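Written below as structure tokens is the structure these notes are about.
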Amino acid sequence: MKLLFIHSDFIEYEVKEKAIKTPEETDKKTDRFEEALTVFTAVEKIDEKSSKHAVTQAIEEITKIAEQLNVKNIMLYPYAHLSSDLASPKKAQEILIEIEYELKQKNYNVKRSPFGWYKAFKISCKGHPLSELSREIIPVGEETDSLKKERKLSSYWNILTQDGQLHDVGKFNFKGHENLKIFSYYEKEKSRAEKQEPAHVTLMKKLEIADYEPASDGGNMRFYPKGRLIKKLIERYVTQRVVEYGGLEVETPIMYDMEHPTLSKYLQRFPARQYQIESDKRNFFLRFAACFGQFLMAHDSTISYKDLPLKMYELTKYSFRREQSGELTGLRRLRAFTMPDVHAFTADLDMAMDEFKIRFDLSLSVLDKIGIENSDIEMALRTTKDFYEKNKEFILFLVKKLGKSILVEMWNERIFYFVLKFEFNFVDMSNKASALSTDQIDIENGERYDIKFTDKYGKTKHPLILHCSPSGAIERVIYALLEKEAIKMSKGLKPILPLWLSPTQIRLIPVGDEFIKDCVKFEQDINNHEYYKIRIDIDDREESVSKKIRDAEKEWIPIIIVVGEKEINKNTFLPRFRNDKIGDNSKEYKIKDLQKLVLDDIKNYPNESLPLSIYLSKRPKFKG
RNA sequence: GCCGUCGUAGCUUAGUUGGUGGAGCAGCUGAUUCGUAAUCAGCAGGUCGAGGGUUCAAAUCCCUCCGACGGCUCCA
């Protein structure tokens with residue numbers, strides 16, 4: 001911002017004509033101010049970045065000079081010609097209004113000439129040495145920013161190899177660790193090598209999984225029937241695994257009172273990040289994780305050391321985070337998302353670390369069974385130097401369990417509420433990394449929320465709390481699955497979803513209308529048992545067999561079976577398996593064989609019925 | 001949120017220096033009854049993202065807004 005100060009006997013102006021398309025509305029065509037400090041002001045591009053700070057610094061300068069000259073009258077006069085690098089008119093006007101307001105708060109008499117007009121003006125300069133001054137303001141980042149920078153500076157990035165050696169990220173030889181390299185640089189240097197459209201966005205639309213909803217806020221998605229099926233299956237699977245692990249499933253509200261004593265303290269640290277809603281006279285925020293409800297529940301519970309570790313689980317639908325609009329992408333980063341969140345209340349650090357190991361395994365296994373394998377993820381570990389030194393063995397144990405080198409970020413002192421945190425990150429088609437599973441040891445919130453348990457000596461203590469999402473947000477899991485297939489496609493391989501997640505598992509293609517009834521019978525025969533329905537549909541449209549095959553392939557159908565006279569007579573089928581992991585393309589199968597083949601593959605997963613009509617002729621198109 | 005690019009039918013897209021928007025796929029109708037990645041013909045489908053402005057005339061030029069994407073920032 002450029003400021004030109006004139007200590008004047010008077011300043012007067014007259015509005016002439018528009019200088020920009022949409023000038024500030026004004027009904028005052030002329031004005032005059034006696035004994036005023038006139039401040040000609042040009043707001044510059046650079047002020048837009050941190051306008052708050054620009055305003056604060058401008059106020060500082062103006063009041064300093066006003067005090068020196070002992071004037072109470074200030075005329076703010078927008079004057080574009082002081083700079084060749086102007087801010088947008090809108091922003092400039094906002095900043096000027098802000099300055100006007102702040103000066104008035106400080107009991108100055110302030111007038112401001114309207115923005116965006118050519119004006120005639122007369123000014124009488126007093127002519128003493130201090131009567132003409134100019135200042136330039138370059139806004140400096142806010143305190144929190146510099147604090148954060150300091151934090152970044154005081155953290156060390158290393159690669160921890162399986163032999164227990166720490167290597168400087170800059171010097172580490174990443175040969176054979178390509179994804180870890182991409183991930184490490186993404187985290188550390190924020191370098192994003194490639195510029196591509198997110199592959200999964202195209203796929204999620206093409207496969208009728210999910211889509212943007214223009215009528216909602218950004219980052220709130222719609223899910224079509226096939227997408228809903230996939231999402232529901234993953235939700236059910238993760239829940240099943242957490243319950244087997246011992247998670248007690250609960251349900252808690254999605255909105256909380258902003259004035260609640262425990263929550264408000266926590267909230268004030270992150271004021272701009274929530275959706276807020278009003279109900280009568282109270283203000284509520286939408287939860288951004290399951291912590292609140294579970295902690296409040298734990299606060300009101302009577303817990304004995306015998307109950308520990310106590311594991312509480314909720315699949316939040318949804319968690320809300322008002323991410324910056326520029327940060328939203330497809331299913332990767334949302335404002336409303338489905339988050340499995342399992343907390344464990346533990347007695348002490350030993351118990352916390354034991355539990356941490358169990359949940360580490362759980363996370364690894366959940367991702368793997370969903371279809372995100374060890375080779376698809378890179379691990380990051382964040383901790384303090386102190387914790388690392390004292391628990392080297394423990395950390396190395398985790399690294400060996402994973403079976404490959406990891407990225408370690410270490411702080412000199414504890415900055416966040418946790419002492420240890422791991423993340424499994426997925427690196428996508430555009431070399432962007434996103435966290436999936438995570439767990440952390442929280443040593444603050446047990447006390448903050450006043451959660452208590454009684455130890456065996458009858459003493460009341462606060463538990464240490466582990467926060468874990470074994471899979472990460474469900475939407476993000478789908479994103480990872482789609483990106484993984486996109487990477488395969490770029491290598492010339494056929495994309496496919498895991499069989500248990502495929503909306504259609506077997507597509508039957510009758511060669512003519514007369515075989516539709518045989519297809520129906522096929523479906524009945526293969527699903528002639530209680531416990532598990534295979535998702536089979538029938539392409540009964542009036543199209544050529546080639547066309548139907550092509551459409552089935554474009555839909556990534558894992559098993560395609562053409563049904564005609566030969567099959568019916570011989571009662572065997574020659575399925576087209578999408579890849580050789582599912583079945584043998586050269587082999588003929590009986591219905592029983594096919595049934596076994598599919599059931600063996602999917603028996604440990606949740607089961608849902610076909611999300612659409614069994615007949616393709618009776619399906620609407622949700623998306624081209 | 002900031003900077004930049006983009007926005008034409010459900011989808012993919014053509015549209016020269018401003019002069020009444022074309023196509024393919026999908027949909028509908030009809031013909032075809034078909035053996036492993038697209039059978040043929042016809043019909044219908046558009047406030048050219050929204051609003052404002054310049055002009056005799058705007059999808060095209062200008063402004064504002066919305067959305068998507070890329071980068072920055074952010075990611076408790």
Side-chain angles (χ1 to χ4, degrees), chain A residues 18 20-23 45-52 87-91 116 141-142 144-145 148-149 187 190-198 201-202 205-206 208 211-219 266-274 288-289 291 319 321-330 332-335 415-418 421 423 430 432-435 438 440 442 444-445 467 473 476 494 507 509-516 539 541-555 557 560-567 573-576 585 620-624:
Chain A
K18 291 182 182 181
I20 57 173
K21 290 284 175 189
T22 48
K45 262 269 124 73
I46 196 167
D47 301 315
E48 290 189 346
K49 283 256 173 187
S50 56
S51 53
K52 260 190 196 154
S88 75
K90 196 182 165 222
K91 200 75 199 176
E142 294 166 22
T144 51
D145 282 354
K148 275 174 195 161
K149 250 176 214 159
E187 282 297 315
K190 305 284 179 190
S191 97
R192 283 118 218 235
E194 307 203 13
K195 298 173 192 171
Q196 280 169 312
E197 290 206 334
V201 174
T202 321
K205 292 178 183 178
K206 211 163 246 167
E208 297 190 319
D211 211 339
Y212 297 109
E213 174 51 72
S216 183
D217 189 21
Y266 194 40
L267 266 181
Q268 275 157 16
R269 289 167 61 194
F270 319 102
R273 279 310 185 75
Q274 302 87 37
F288 42 84
C291 308
S319 286
R321 298 184 191 184
R322 268 195 44 84
E323 305 290 3
Q324 298 183 80
S325 57
E327 269 304 307
L328 304 169
T329 334
R332 177 171 176 255
R333 196 81 185 274
L334 297 168
R335 281 185 172 165
I415 295 156
F416 302 111
Y417 57 76
F418 56 83
K421 174 182 184 180
E423 286 163 20
S430 327
K432 292 191 180 176
S434 316
T438 177
Q440 43 191 265
D442 170 357
E444 271 183 11
N445 283 307
H467 303 238
R476 191 173 274 186
K494 276 188 186 182
R507 164 77 40 92
I509 298 179
V511 293
D513 280 355
E514 65 272 28
F515 296 105
I516 292 176
D539 193 345
R541 297 173 305 162
E542 288 191 33
E543 299 286 352
S544 68
V545 171
S546 305
K547 177 68 185 299
K548 290 177 184 180
I549 298 228
R550 179 180 155 83
D551 287 346
E553 296 279 3
K554 284 193 342 194
E555 250 187 272
I557 307 285
I560 302 168
I561 300 174
V562 176
V563 178
E565 211 173 340
K566 274 188 284 180
E567 287 77 9
F573 303 87
L574 188 64
R576 227 181 127 108
N585 274 319
K621 266 205 149 40
F622 290 96
K623 195 76 185 175

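Just so we're on the same page: letters track the sequence lines, and every chain starts at 1. Predicted model, so just to flag it, every value in this text is computed and none were measured.
For Arg335(A) and Glu323(A), the salt-bridge test fails: no basic side-chain N is under 4.0 Å from an acidic carboxylate O. One finds no salt bridge joining Lys621(A) and Glu208(A) here, because no Lys/Arg side-chain nitrogen approaches an Asp/Glu carboxylate oxygen to under 4.0 Å. With respect to the salt-bridge test (charged N to carboxylate O, under 4.0 angstrom), the residues Asp551(A) and Arg507(A) do not qualify.
No more than 12 heavy atoms of other residues, nucleotides or ligands shown are found within 6.0 angstrom of CD on Glu565(A).
As rounded to the nearest Å, rG45(B) and rG21(B) have C1' atoms that lie 14 Å from one another. Here, rG18(B) and rC56(B) have their P atoms 15 Å apart, quoted to the whole Å. Between the C1' atoms of rG10(B) and rC48(B), the separation comes to 16 Å (whole Å). rA26(B) and rG42(B) have their P atoms separated by 15 Å, given to the nearest Å. When the P atom is compared between rU8(B) and rU60(B), the two are found 13 Å apart, to the nearest whole Å. With C1' as the reference atom, rC3(B) and rA37(B) are 44 Å apart, rounded to whole Å. rA44(B) and rG1(B) are spaced 44 Å apart, taking the P atom of each and rounding to whole Å. For the P atoms, the distance from rC66(B) to rU29(B) is 42 Å, rounded to whole Å.
Arg322(A) has its CZ atom 13 Å from the C1' atom of rC74(B), to the nearest Å. Residue Arg333(A) contributes atom CZ, which lies 13 Å from atom P of rC72(B) at whole-angstrom precision. Atom P of nucleotide rC69(B) and atom CZ of Arg332(A) are separated by 11 Å, given to the nearest angstrom. Between the NZ atom of Lys621(A) and the C1' atom of rA9(B) there is a distance of 16 Å, rounded to whole Å.
Scanning all heavy atoms of the two residues, the minimum distance from Gly330(A) to Val201(A) falls at CA-CG2, 3.7 Å.
RNA chain B is contacted by both Arg321(A) and Asp217(A); Asp217(A) maps to the nucleotide lying nearer its 5′ end (nearest heavy atom per residue). With the nearest nucleotide of RNA chain B identified for both Arg541(A) and Arg476(A), Arg541(A) has the one nearer the 5' end.
At a threshold of 4.0 angstrom between heavy atoms, the contacts of Glu323(A) with the nucleic acid are absent. When heavy atoms are screened at a 4.0 angstrom cut-off, Gly330(A) is found touching the sugar-phosphate backbone but no base atom. When heavy atoms are screened at a 4.0 angstrom cut-off, Leu328(A) is found touching the sugar-phosphate backbone but no base atom.
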* Asked: Quick one: what's the B/S/- string for nucleotides 30-42 of chain B, heavy-atom cutoff under 4.0 Å, read 5' to 3'?
  -> --BBBBBBBS---
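In this structure, CZ in Arg321(A) is found 10.5 Å from CD in Gln274(A), a value given to the nearest 0.5 Å.
In this view, Gln440(A) and Tyr417(A) satisfy the side-chain hydrogen bond (donor to acceptor under 3.5 Å, both in side chains) rule, not counting sequence neighbours. Taking Phe418(A) as the reference, Phe416(A) meet the ring-ring contact (aromatic ring centres under 6.0 Å, His included) condition, with sequence neighbours excluded. In this view, Arg550(A) and Lys554(A) satisfy the side chain to side chain contact (heavy atoms under 4.5 Å, CB included) rule, not counting sequence neighbours. Residues passing the salt bridge (charged side-chain N to carboxylate O under 4.0 Å, His left out) test with Lys566(A), sequence neighbours excluded: none.
Residue Thr329(A) places its side chain closer to rG70(B) than to any other of rA76(B), rG70(B), rG1(B). Relative to the side chain of Lys623(A), the nucleotides rG70(B), rC11(B), rA76(B) differ in distance, and rC11(B) lies closest.
Using a 4.0 Å cut-off, no side-chain N or O of Tyr212(A) falls inside it from OP1 or OP2 of rG49(B). The phosphate of rG71(B) has OP1 or OP2 within less than 4.0 Å of a side-chain N or O from Lys432(A).
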* Structure fact -> Secondary structure of RNA chain B per the Watson-Crick/G-U criterion (both distances under 3.5 Å; [ ] crossing, | other strand, . unpaired) is (((((((..((((.....[..)))).(((((.......))))).....(((((..]....))))))))))))....
* To do: Apply side-chain contact (heavy atoms from CB on, under 4.5 Å) to the pair Lys206(A) and Lys623(A), showing each step before the final yes or no.
  => CA-CA 7 Å; Lys206(A) 211 163 246 167; Lys623(A) 195 76 185 175; over 6 Å; no
